[in-house]
Amino acid sequence: MTLVIDRIGVLVTNDPARGEGPLGVVRDAAVVCDGDRVIAVERAGVAADERLDVDGGCVLPGFVDSHTHLVFAGDRASEFVARMAGADYSTGGIRTTVDATRQASDDALRRLARQRWFEAVSTGTTHVEIKSGYGLDAHHEARCLRLAQELTDDTTFLGLHVVPSHMTADPDGFVREVVFETLPACAPRSRWIDVFCERGAFDVDQCRTVLDAGRAAGLGLKVHANQLGQGPGVTLAVEMGAASADHCTHLSAADVDALASSQTVATLLPAADFSTRQPYPDGRRLLDAGATVALATNCNPGSSYTTSMPLCLTLAVRELHMTIEEALRAATLGGASALRREDIGRIRPGARADLQILDAPSYEHLVYRLGAPLTRCVIVGGRVAFQRQP
Ligand SMILES: [Zn+2]
């Protein structure tokens with residue numbers, strides 16, 4: 001069964017060999033899908049079994065949100081309100097979510113995660129990575145990963161997020177438990193392992209121990225790095241060949257150089273910096289140095305409760321000094337690189353049929369029309385997953 005998305009005014013392919021500029025823009029185009037794959041990018045007016053006429057609208061790859069914590073229960077609005085009134089961000093609030101998540105039933109957690117997934121899809125996201133980290137023991141971490149697997153194949157065991165309340169006097173004991181009990185229960189349900197390397201969270205030796213164990217279990221590596229201050233997180237990520245170092249808000253010149261000369265993607269999470277009143281990362285500096293940059297939401301109840309990639313694009317352009325084209329690439333191809341995937345984040349034959357159709361003549365409107373709901377239709381794996389009612 002073939003589907004053609006026809007009469008596209010501006011098509012962003014992210015394939016410079018196929019069209020104009022770094023985004024590979026093709027005008028008056030059609031995209032032909034068969035099942036869950038793109039099979040051709042053509043001139044408008046192609047025949048297929050089914051036809052979706054977008055009437056000159058703009059079509060682009062779905063957003064790849066490569067950093068989320070979508071599976072959780074509980075509400076932490078009061079912490080956000082307090083921060084907006086001047087309080088500092090503290091990592092200790094994570095335990096509030098751990099308690100609520102552990103108490104929630106599978107059905108309740110599933111319903112909450114699905115609501116957030118649908119919310120993300122309705123603003124153009126077609127793929128998410130989902131981390132655990134609100135279970136903190138073998139049973140609860142594996143349960144959260146099992147629920148995450150219902151929504152994505154990019155699941156991440158966030159082994160070191162926070163030390164559970166009953167073990168605060170023995171963080172090294174907790175690290176041993178993660179390596180010898182929790183990791184074996186979670187590795188079969190994960191593609192990635194992640195650690196929170198930060199003052200107030202875990203030190204570099206603890207992080208290295210857990211990443212080494214994760215790698216031995218066959219998982220790819222990710223690091224929450226340099227969010228709240230300068231530190232060893234980025235160096236560790238690059239040294240260990242992690243796919244991404246996430247946050248990168250406080251970087252030294254050596255960190256920037258290390259990222260630029262490595263395969264480790266700098267994943268920037270500007271909605272978290274917004275929600276915690278932190279300074280923003282210097283996206284411009286990273287791009288000018290030659291680093292690969294991804295943008296993601298970091299959707300979580302403590303420091304960034306948003307699923308909106310358009311909001312992240314807006315912040316990236318306004319506050320991280322990225323061009324709209326750079327921000328758009330970071331939110332699609334950059335996310336795919338952070339997940340080491342070639343099948344998403346672009347529109348070309350063989351790629352997964354993940355696309356978004358805008359109620360706008362060009363992709364610039366995603367940033368220019370601040371906060372406007374421009375997503376008309378979203379296709380995930382060749383199927384319409386969201387369609388705005390007229
Ligand atoms: Zn995170």
Side-chain angles (χ1 to χ4, degrees), residues 64-72 74 76 79-80 83 89-98 101 113 116 120 125 127-136 141 144-145 148 151-152 154-163 186 190-202 207 210-211 214 219-229 231 233-234 236-237 242-250 264-276 278 280-281 293-309 311-312 315 330-331 334-335 338-339:
V64 177
D65 189 352
S66 61
H67 183 138
T68 85
H69 307 246
L70 277 194
V71 180
F72 65 85
R76 286 163 65 189
E79 287 176 42
F80 177 80
R83 282 200 302 276
Y89 174 65
S90 140
T91 55
I94 294 169
R95 293 193 192 95
T96 312
T97 303
V98 171
T101 303
R116 293 172 195 129
T125 297
H127 186 77
V128 293
E129 176 263 16
I130 302 178
K131 300 173 197 301
S132 65
Y134 294 123
L136 303 188
E141 286 289 295
C144 290
L145 287 162
L151 297 173
T152 183
D154 272 306
T155 51
T156 301
F157 170 46
L158 177 47
L160 297 184
H161 198 191
V162 72
V163 179
C186 292
S190 311
R191 184 165 176 240
W192 302 98
I193 188 162
D194 195 344
V195 294
F196 190 6
C197 187
E198 195 79 44
R199 201 173 310 131
F202 294 90
C207 290
V210 168
L211 291 175
L219 306 182
L221 312 184
K222 291 183 165 288
V223 180
H224 279 68
N226 301 51
Q227 176 188 2
L228 303 173
V234 163
L236 177 71
S244 65
D246 298 39
H247 283 289
C248 295
T249 304
H250 299 272
T264 301
V265 173
T267 299
L268 309 181
L269 310 168
D273 304 302
F274 176 92
S275 301
T276 55
Q278 283 265 309
Y280 289 100
V293 170
L295 282 171
T297 63
N298 188 23
C299 179
N300 80 85
S303 64
S304 185
Y305 198 178
T306 181
T307 55
S308 172
M309 291 293 279
L311 170 67
C312 298
L315 291 172
L339 297 170

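When a ligand or atom number is given, it counts from 1 through the structure's own listing order.
Taking the salt bridge (Lys or Arg N to Asp or Glu O under 4.0 Å) definition, one finds that D154 meets it with R191, R341, sequence neighbours left out. A search for ring-ring contact (aromatic ring centres under 6.0 Å, His included) contacts involving F202 returns nothing, not counting sequence neighbours. Among residues two or more places apart in sequence or in another chain, the ring-ring contact (aromatic ring centres under 6.0 Å, His included) test is passed with H127 by none.
Counted within 6.0 Å of OH on Y280, heavy atoms from surrounding residues, nucleotides or ligands total more than 12; the atom is thus considered enclosed.
T249 and D273 are linked by a side-chain donor-acceptor pair at a separation below 3.5 angstrom, with hydrogens and angles left out of the test. No side-chain N or O of H224 forms a donor-acceptor pair with one of H161 less than 3.5 Å apart.
The distance cut-off of 2.8 Å around the Zn ion (ligand 1) captures these protein N, O or S atoms, sorted by chain and number: H67 NE2, H69 NE2, H224 NE2, N298 OD1.
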